[in-house]
There are 2 protein chains.
Amino acid sequence: MTSEQPDPAATTDEIRLLWSGHEPGPARRGPRPKLTRSEVVAAAVRLADAEGIEAVSMQRVAAALGYTTMSLYRYVDSKDDLLLLMSDAAMDTTPPGPREDGDWRAGLEEWCMGGVALYRAHPWMVRLSVTGPPSGPNGIRWMEAGLREICAPGLRPSEAVQMLLILTTVLRETLRMESDMQQAAHRHGQQISDNESDWVQGLLGVLDPGAFPTVTRVLGQLGTDEDEFGGLDLDSERVSGPAEGLGFGIDRILDGIEAYVGRRAAD
Amino acid sequence: MTSEQPDPAATTDEIRLLWSGHEPGPARRGPRPKLTRSEVVAAAVRLADAEGIEAVSMQRVAAALGYTTMSLYRYVDSKDDLLLLMSDAAMDTTPPGPREDGDWRAGLEEWCMGGVALYRAHPWMVRLSVTGPPSGPNGIRWMEAGLREICAPGLRPSEAVQMLLILTTVLRETLRMESDMQQAAHRHGQQISDNESDWVQGLLGVLDPGAFPTVTRVLGQLGTDEDEFGGLDLDSERVSGPAEGLGFGIDRILDGIEAYVGRRAAD
DNA sequence: ACTTAATTGTGTAAGTAATACACAGAACTA
DNA sequence: TAGTTCTGTGTATTACTTACACAATTAAGT
């Protein structure tokens, strides 16, 4: 566990940064830059994909490009800016949809699966602290796709934004736990599947059933016959771990939206 | 935005750490320790409460206690361990409940409000990366209280754990965004309420309505007559910002649980 | 009482990382 | 050609965590 000290640029600055062109202007005075901001960001993304976000230091990124550390600061104001640009750059894929048949629920499920794929492709993304809703071009593209589906059943604007934010949050955080556990397991040479039950077994060995009756009962029943997940299988690869239940959770959130719009339509 | 490199102890070690007594054993050989682990953790928590998590360095904590930096390592193996202990220590309050009337939904709402209060009291908590489900004594106490309510409608164990995790995740992340925005606003001397609309206004100024029709429409309608939040008002202080919609989101998740158990009961 | 062993708080220093600053050279402008 | 501006580099500063050795301190063993 490590802390972070987010120094979030004001939203306005953030937007300016993310939407400013990455390519060099036409003809400026000094020596022409040998790199572009996009190249720097791309190198950082490659590094993060390959070795994880903790490998992304200004030194490493510069070395990967064959330049000195300080040269990067000609393209990026700070490391925080670089990370911000990275997280938008990594979303440079086409989100699912649009769904033609108007089945908003299926559309949102597809959108979520797309998100899972995205986070699996760039596991480091879930480790960056998000300052707020998406602000970059690619993030907005994903938001557009998601909003298109979630607005279909007739949510009000604030409601749609809020629920979409919740969906991405749940996705993100669930996958972050999965990735944390994988890292921990890897570091200790264990299997991943062992790790979740490690938590359960470790707790059961420590907890006093008298003091925590519900927790001990519930943990004790996990994975027994009393227990079986219903719901959508978002995690097609069937990796065990927290993401196992992600589909169920998403399903319940969609249930909630459905119930709400149904109730409202009844009035 | 800043990265973090979580070095999560294996779950087992984490549990051992969190459940190991904080007080000194009876009589050991050398000079008797002048501090206790609890005191160190408490000092760190006080510091984080007062100045934010970024103020918590081994130096600062030691100075607050009147000792040298290195002395802390007699009580704590690493800073990561300290942060882990802090996050459990901060949950040292009694969670709401138990609800006697069996109204699980009201019970969960209360539980969530308790969580909001907790995170508001220790805003730095939302900035620590959580490696997984709660593992410490206090975290488990909160989990016990939450599970008690969420199991009432008859969810299966995995389902209950998953949904409770989702509730806390949504709580946490929503409040983290709120806190990020407050920090950003504070740093720039703006009002908080300006800040969310900063995001909206900033985006609207940049987005091409042709390319992002849904986003521009939805953002444009935010806060107009078309738009009005229904649902639970979790945020009694009515601070504007992301937490404004938190109650609505929680409500929908509870709707989802209700719909699910209702459907299952029908079989 | 006296030796031995363990343990505390401290000082020093190593290692990593972000980034401020100045400078030499490059390339455009006038 | 002179002047100006921008690039990449080298150096240095700052802030951190934490390894390690040491002297002082206390209990255990005799």
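In what follows, chains are A, B, ... by sequence order, proteins preceding strands, each numbered from 1. As the structure is a prediction and not an experimental result, all values here were calculated from the model.
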Query raised in the report: Starting at the 5' end of DNA chain C, which residue's closest nucleotide do you reach first, B/Gly66 or A/Met58?
Result: B/Gly66
Query - Phosphate OP1/OP2 of D/dC16 contacted by B/Gln59 side-chain N/O (<4.0 Å) - result: yes
Query raised in the report: Is the phosphate of C/dT10, meaning OP1 or OP2, less than 4.0 Å from a side-chain N or O of B/Thr68?
Result: yes
Report task. Choose from C/dT8, D/dT18, D/dG8 the nucleotide whose nearest atom is closest to any side-chain atom of B/Lys79. Result -> D/dT18
Report summary line: Against the side chain of B/Ser78, the closest entry in D/dT18, C/dG9, D/dT17 is D/dT18
For [X], report the nucleic acid contact type (base, sugar-phosphate, nothing); a contact means any heavy atom under 4.0 Å.
X	result
B/Met70	base
B/Tyr73	base
B/Ser57	sugar-phosphate

Report summary line: Nearest-nucleotide check on DNA chain D, A/Lys34 vs B/Asp77; residue mapping nearer the 5' end is A/Lys34
Spacing between [X] atom [atom1] and [N] atom [atom2], to the nearest angstrom:
X	N	atom1	atom2	result
B/Tyr75	D/dT17	OH	P	19 Å
B/Tyr67	C/dG11	OH	C1'	17 Å
A/Leu65	D/dG8	CG	C1'	13 Å
B/Leu72	C/dT10	CG	C1'	12 Å
A/Glu54	C/dA17	CD	P	11 Å

Query - Exercise: identify the closest heavy-atom pair between A/Val76 and A/Ser78 - result: CG1-O, 2.8 Å
**Report entry** Cationic N near anionic O, under 4.0 Å, B/Glu51 to B/Arg60
**Finding:** yes
Query raised in the report: Who pairs with A/Glu144 by salt bridge (Lys or Arg N to Asp or Glu O under 4.0 Å), at least two apart in sequence or on another chain?
Result: none
Requested in this report: Check whether any side-chain N or O of A/Trp124 sits under 3.5 Å from a backbone N or O of A/Glu54 as a donor-acceptor pair, and report yes or no.
Outcome: no
Requested in this report: Start with the C-alpha gap between A/Lys34 and A/Ser71, add the side-chain angles, then the distance that decides, and say whether side-chain contact (heavy atoms from CB on, under 4.5 Å) holds.
Outcome: CA-CA 10 Å; A/Lys34 302 195 180 94; A/Ser71 65; over 6 Å; no
Query raised in the report: Between B/Val170 and B/Leu246, is a side-chain contact (heavy atoms from CB on, under 4.5 Å) present by the stated rule, with each step listed?
Result: CA-CA 8 Å; B/Val170 167; B/Leu246 177 57; 4.0 Å; yes
Query raised in the report: Got A/Leu207 and B/Trp19 here, is their nearest side-chain heavy-atom distance under 4.5 Å?
Result: yes
Requested in this report: For nucleotides 22-30 of chain D, just jot down a letter per nucleotide in 5' to 3' order: B, S or -, based on protein non-hydrogen atoms under 4.0 Å.
Outcome: ---BBBS--
